[in-house]
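Structure, as structure tokens:
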Amino acid sequence: MQVSKNPTKQTNREKKKLTEDYTMSRSVIMASESPVYFPSPLVFSPTSAKTPPSSPRWTPPKKIMIACPPRKPKETTSSSESNTALKRKRPPMLDLKLPPTVSSWCSTTVKTPGKADDVVEAEGDGVYSVYCKRGRRGPMEDRYAAAVDPGERVRKKAFFGVFDGHGGSKAAEFAAKNLGNNIEAAMEAARSGEEGYSVERAIREGYIKTDEDFLKEGSRGGACCVTALISEGELSVSNAGDCRAVISRGGVAEALTTDHNPSQASEFKRIEALGGYVDSCNGVWRIQGTLAVSRGIGDRYLKEWVIAEPETRTLRIKPELEFLILASDGLWDKVTNQEAVDVVRPFCVGVKNPKTLSACKKLAELSCKRGCLDDISLIIIQLQQFVA
């Protein structure tokens with residue numbers, strides 16, 4: 001066995017060889033062809049990559065790179081082609097029948113009281129007078145509507161309404177602006193050939209549509225209503241809630257409406273039949289312990305029991321029918337029907353120049369003196385102006 005004469009030299013050779021192997025392996029991993037420096041989409045194959053020489057001590061692992069195919073360019077279409085495609089997809093126009101037009105006489109301008117307004121007054125050419133007085137409980141929530149067919153000595157059409165809001169004034173204001181138009185639209189539709197036409201039916205449809213439209217707005221609160229529709233010498237009085245209409249027949253008071261309160265026997269049975277309940281809170285009967293009226297516009301949280309369907313009474317206007325009073329419960333809670341007629345009659349009957357506005361103020365003052373804290377709204381209508 002031959003022994004190397006210089007063991008140090010042999011050791012240096014081995015070290016040099018190990019260094020070369022390590023350098024070569026490093027150069028292979030960090031080579032310019034390595035995927036560390038070249039991300040996709042370059043494709044590597046066994047023939048394109050340089051393989052380092054094998055080493056007895058270390059063999060680098062094989063790296064396989066799979067590159068995704070290049071993305072296809074987006075197809076672009078010209079603006080004219082896209083417009084053509086849109087036009088082709090557009091459905092044909094529907095042939096909708098327009099609703100019947102409403103006579104202009106029924107459009108009313110409702111004055112919205114401001115925070116500083118304690119009183120609202122209005123007069124209509126000696127035909128009617130309006131007086132609204134804010135109560136002591138907060139902002140005024142009452143509204144009114146008044147429209148008279150102009151241009152004739154003997155007037156043929158008129159619409160009046162008093163709307164007592166609760167839980168805010170939104171429902172009262174909405175009803176004042178829309179109820180008359182909805183009633184007139186229902187009358188026009190019925191006259192166009194529908195069988196079973198009647199004024200009472202048109203009024204009912206107008207009330208219900210006004211209620212449905214208000215509920216769609218999602219507003220809270222509600223409103224009691226009393227309205228008078230005059231057409232061709234006939235008077236149709238309707239109400240939903242505790243607003244009331246009282247007529248003077250030769251000086252004798254006659255209520256044309258019935259207050260819709262939960263304590264009323266028919267209303268009590270109707271509410272209980274629908275699954276509601278009525279109880280007394282401090283002497284006042286309320287639905288579900290909250291609302292003291294059983295009919296009206298709005299009241300979406302109690303709509304299952306508080307209906308908007310009105311009760312209507314129609315009569316012919318004759319000479320003995322002197323005047324009509326429409327008022328909110330702010331008046332009727334403190335003043336009786338006959339007292340109201342007795343106060344108004346000296347201002348309106350047997351007088352050359354009727355002063356219906358003064359009569360309105362006198363009634364409101366009487367209610368306030370007797371302790372009324374609620375809003376008071378009333379309209380006095382001279383019926384002799386509408387005798388056919």
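Nothing here was measured: the structure is a model prediction, and the numbers come from that model.
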Q) Passes side chain to side chain donor-acceptor pair (under 3.5 Å), Asn178 versus Thr210? Steps please. A) CA-CA 7 Å; Asn178 297 284; Thr210 304; over 6 Å; no
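Under the rule for a ring pair (Phe, Tyr, Trp, His ring centres under 6.0 Å), the partners of Tyr128 that lie at least two apart in sequence or sit in another chain are Phe160.
Between the side chains of Ser377 and Asp142, at least one donor N or O sits under 3.5 Å from an acceptor N or O. Checking Glu200 against Thr314 by side-chain atom types alone, a donor-acceptor pair falls below 3.5 Å. Looking only at atom types and distance, the side chain of Asn239 has no donor-acceptor partner in the side chain of Arg295 under 3.5 Å away.
Residues Phe347 and Tyr131 do not share a hydrophobic cluster, clusters being chains of Ile/Leu/Val/Met/Phe/Trp/Tyr side chains in contact below 4.5 Å. No path of Ile, Leu, Val, Met, Phe, Trp and Tyr side chains, each step under 4.5 Å between heavy atoms, connects Ile297 with Ile208, placing them in separate hydrophobic clusters. When hydrophobic clusters are built by joining Ile, Leu, Val, Met, Phe, Trp and Tyr residues whose side-chain heavy atoms come closer than 4.5 Å, directly or via intermediates, Leu315 is grouped together with Leu324.
Inter-residue side-chain proximity for Arg134 and Val120 is flagged as unmet; no heavy-atom pair is nearer than 4.5 Å. Two residues are said to be in side-chain contact when any heavy atoms from C-beta on lie closer than 4.5 Å; Arg249 and Glu322 fail this criterion. Inter-residue side-chain proximity for Ile230 and Ile317 is flagged as met; some heavy-atom pair is nearer than 4.5 Å.
Between Cys224 and Gly241, the shortest heavy-atom contact is SG-CA, 3.8 Å. Closest of all the heavy-atom pairs between Val341 and Ser248 is CG1-OG, 3.5 Å. Nearest heavy-atom pair across Val130 and Leu357 is O-CD1, 3.6 Å. Between Gln338 and Gly251, the closest heavy-atom pair is NE2-O, 3.1 Å. The heavy-atom pair separating Pro262 from Phe268 by the smallest distance is O-CB, 3.4 Å. When all heavy atoms are compared, the tightest approach of Lys133 to Cys368 is CE-SG, 3.6 Å.
Salt-bridge formation is detected for the pair Arg313/Glu254: a Lys NZ or Arg NE/NH1/NH2 atom is positioned less than 4.0 Å from an Asp or Glu carboxylate oxygen.
Pairs engaging residues 271-294 under the side chain to side chain donor-acceptor pair (under 3.5 Å) rule: Glu267-Ser294 [sequence neighbours left out].
A salt bridge (charged side-chain N to carboxylate O under 4.0 Å, His left out) with Arg244 is found for one member of Asp164, Asp329, Asp259 and no other, namely Asp259.
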